[in-house]
Amino acid sequence: MELTNCFGDPCEIEAYLKMYNEGKYYEVSDWLWSELYHQHNIGTASIAWVIKASELFLEQTEIDWNHLGFTFAVMESLEEHKFIPCPEWAKGKYRLAATKALQHALNFLLDEPSNEQSTSIVYLTCAISKMYKSRELIEYAHGCEEEIMELDFEKNP
């Protein structure tokens, strides 16, 4: 099966899976966001990455929080934006991989999580629950939480 990147070109992921397994997250991250995802564009390699890299992610003791963000982006492109149809070989697999990755990451969440950690957890939770609009509200309301809580929605619908 030939995989494609976000531009529709043939794409191999094996070399990057090897790098990911070696803990070279930064190098892999650049490739993910420049070849496998671009403004909601994804290809079959993007979905294959989520499935295969999640297996490696589950073995990590130093969590790559970017993996959760990338998984969210691919799921949103696939389910919400419907950029490409889900390939038969991926049905039922990418969502399970995302759920397992989220569960694993929660084991390493600090009492005072960083912004990257909390954002990654919330975004992937929104994807798993298919609540993509909730993620948008969280993103655009960030920093305005107190003002939002003070709004009287009954007087100002």
Side-chain angles (χ1 to χ4, degrees), residues 1-110 113-142:
M1 160 184 63
E2 185 176 277
L3 299 175
T4 57
N5 66 11
C6 64
F7 306 107
D9 301 324
C11 182
E12 291 293 327
I13 66 173
E14 295 304 322
Y16 288 94
L17 285 168
K18 184 176 187 249
M19 289 172 60
Y20 192 74
N21 195 38
E22 294 169 354
K24 297 178 182 175
Y25 306 137
Y26 181 77
E27 294 92 332
V28 171
S29 177
D30 283 345
W31 174 76
L32 290 174
W33 295 104
S34 64
E35 290 292 319
L36 297 190
Y37 180 88
H38 180 71
Q39 297 180 348
H40 302 296
N41 298 353
I42 60 170
T44 55
S46 311
I47 303 164
W49 176 268
V50 167
I51 295 167
K52 292 182 181 257
S54 287
E55 295 170 12
L56 302 173
F57 181 84
L58 296 176
E59 298 172 6
Q60 292 178 357
T61 55
E62 182 180 327
I63 297 300
D64 170 30
W65 296 97
N66 183 58
H67 176 73
L68 302 184
F70 185 78
T71 300
F72 162 80
V74 170
M75 290 176 70
E76 181 184 41
S77 291
L78 191 61
E79 297 179 351
E80 182 75 2
H81 299 290
K82 299 182 185 338
F83 187 75
I84 61 173
C86 184
E88 285 299 318
W89 53 262
K91 290 184 177 172
K93 292 182 181 175
Y94 72 89
R95 181 168 289 286
L96 179 60
T99 302
K100 286 181 179 181
L102 178 61
Q103 291 169 336
H104 180 68
L106 287 172
N107 291 326
F108 294 89
L109 196 59
L110 303 173
S114 69
N115 187 46
E116 179 186 29
Q117 292 170 342
S118 58
T119 300
S120 298
I121 295 289
V122 168
Y123 281 21
L124 192 53
T125 301
C126 288
I128 291 168
S129 61
K130 297 184 180 185
M131 300 295 291
Y132 295 103
K133 300 296 184 208
S134 295
R135 192 274 316 164
E136 290 177 18
L137 177 61
I138 292 165
E139 180 177 350
Y140 295 112
H142 184 70

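Partners of Trp31 according to the ring pair (Phe, Tyr, Trp, His ring centres under 6.0 Å) rule, which considers only residues two or more places apart in sequence or in another chain, are Tyr16, Trp49. Residues satisfying the side-chain hydrogen bond (donor to acceptor under 3.5 Å, both in side chains) criterion with Glu62, sequence neighbours excluded, are absent altogether. Thr125 is linked by a side-chain hydrogen bond (donor to acceptor under 3.5 Å, both in side chains) to nothing, counting only residues two or more places apart in sequence or in another chain. Scored by the ring pair (Phe, Tyr, Trp, His ring centres under 6.0 Å) test, Trp33 finds Tyr37, Phe70 as partners (sequence neighbours excluded). Every side-chain hydrogen bond (donor to acceptor under 3.5 Å, both in side chains) that Gln60 has, sequence neighbours left out, goes to Tyr20, Tyr25. When the salt bridge (charged side-chain N to carboxylate O under 4.0 Å, His left out) test is applied to Glu76, the partners found at least two apart in sequence or on another chain are Arg135. Every residue meeting the salt bridge (charged side-chain N to carboxylate O under 4.0 Å, His left out) condition with Glu80, not counting sequence neighbours, appears here in chain and number order: Lys133. Judged as a side-chain hydrogen bond (donor to acceptor under 3.5 Å, both in side chains), and not counting sequence neighbours, the contacts of His81 are His40.
Residues Trp65 and Thr119 fail the side-chain proximity criterion, which asks for heavy atoms closer than 4.5 Å.
Atom CD1 in Ile42 sits 5.0 Å away from atom CG in Leu78 (nearest 0.5 Å).
A donor and an acceptor atom, one from each side chain of His67 and Ser54, are located under 3.5 Å apart.
Sequence neighbours left out, not one pair with a member in residues 41-59 passes salt bridge (charged side-chain N to carboxylate O under 4.0 Å, His left out). Residues in residues 21-37 take part in these salt bridge (charged side-chain N to carboxylate O under 4.0 Å, His left out) pairs, two or more places apart or across chains: Lys18-Glu22, Glu22-Lys24. Residue pairs meeting the side chain to side chain donor-acceptor pair (under 3.5 Å) criterion with at least one partner in residues 82-92, sequence neighbours excluded, are Glu88-Lys91. Identified under the salt bridge (charged side-chain N to carboxylate O under 4.0 Å, His left out) test for residues 3-15, with sequence neighbours left out: none.
Residue Ser129 comes nearest to Arg95 through the heavy atom pair N-NH1, 4.4 Å, listed as atom of the first residue, atom of the second, then distance.
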